[in-house]
Amino acid sequence: MTVLTKICGLSEPESLRAAVTGGARYVGFVFYPPSPRAVAPALAADLARLVPTGIRSVGLFVDPDDEFLEHVVGQVPLDLIQLHGKETPRRVAEIKARYGMPVMKAVKIGGPEDLAAALEAAETADRLLFDAKPPAKVAALPGGNGIAFDWTLLAGRRWPKPWMLSGGLTPENVAEAVRVTGATEIDVSSGVEDRPGHKDPALVRAFLDAAARL
Ligand SMILES: O=C(O)c1ccccc1NCC(=O)[C@H](O)[C@H](O)COP(=O)(O)O
């Protein structure tokens, strides 16, 4: 089965090259300053210009205002906007209309009660990304926490929009995650880092090799 992979949180040419040459179909740039993966728009623009046609550059935002979106989208050649905050379906529709770009909405999963939000998000988003709900007790990021959710919650389910599985994926667990969920698109950040915010090109290649064997 062909599984498409997104490598998220790229900020260096070497790891970007590992993603591109390793077969990633999406590369993600984080525009959320509190993240250890946050990248300046000017650097992201330089990196995005290295991305060959056919690989989609994804800009990741958390509850961005229009001024920040304008600041980034105006200088970084992006193919897809990923919204990873508390954006409503109405805000998603507004961003889609304003920037004329498809939007992938993150849906945070902690338990079965969170699945309904996916159907609501699918009303206006072009794509869904299922991620683990951040732990409530610690001051976690909205995403990129290296935490997996219960994949059986997605088993056998169909969604009205294309969707991507993320949350705690690694070269070691990705085969099981895809087997259980039936995901055809996957996303990883922490699982290919040797320290928070630093992608290890060897781990990037290992993850992509594992995905290619599915
Ligand atoms: O990656 C981040 O630092 C981040 C910060 C704030 C919001 C979202 C963030 N990442 C979103 C992604 O798409 C990650 O790839 C996804 O959450 C999976 O991350 P991980 O569990 O570390 O593989």
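Atoms within each ligand, like the ligands themselves, are counted from 1 in listed order. Just so we're clear, the structure is a prediction, and the values are computed from it rather than from any experiment. One is the number of the first residue; the rest follow in order along the sequence.
Residues satisfying the side chain to side chain donor-acceptor pair (under 3.5 Å) criterion with Asp114, sequence neighbours excluded, are Lys133.
By the 4.5 Å heavy-atom criterion applied to side chains, Phe29 and Leu43 are not counted as neighbours.
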Which pairs of nitrogen or oxygen atoms, taken one from ligand 1 and one from the protein, are under 3.5 angstrom apart?
from     : atom 1 : to     : atom 2 : distance (Å)
ligand 1 : 1 (O)  : Arg37  : NH1    : 3.1
ligand 1 : 3 (O)  : Ser35  : OG     : 2.6
ligand 1 : 3 (O)  : Arg37  : NH1    : 2.7
ligand 1 : 13 (O) : Lys6   : NZ     : 3.1
ligand 1 : 13 (O) : Gln82  : NE2    : 2.9
ligand 1 : 13 (O) : Asp187 : OD2    : 3.3
ligand 1 : 15 (O) : Asp187 : OD1    : 3.4
ligand 1 : 15 (O) : Asp187 : OD2    : 2.6
ligand 1 : 17 (O) : Asp131 : OD2    : 2.6
ligand 1 : 17 (O) : Gly144 : N      : 2.8
ligand 1 : 21 (O) : Gly146 : N      : 3.0
ligand 1 : 21 (O) : Gly168 : N      : 2.8
ligand 1 : 22 (O) : Gly146 : N      : 3.2
ligand 1 : 22 (O) : Ser190 : N      : 2.8
ligand 1 : 22 (O) : Ser190 : OG     : 2.4
ligand 1 : 23 (O) : Ser189 : N      : 2.8
ligand 1 : 23 (O) : Ser190 : N      : 3.4

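Just one of Asp63, Val62, Val39 meets the side-chain contact (heavy atoms from CB on, under 4.5 Å) condition when paired with Tyr32; it is Val62.
Evaluation of the ring-ring contact (aromatic ring centres under 6.0 Å, His included) test over residues 89-132, restricted to residues two or more places apart or in two chains, returns Phe130-Trp159, Phe130-Trp163. For residues 200-209, no residue pair satisfies the side chain to side chain donor-acceptor pair (under 3.5 Å) rule, not counting sequence neighbours.
A salt bridge links Glu193 to Arg37: at least one charged side-chain nitrogen sits closer than 4.0 Å to a carboxylate oxygen.
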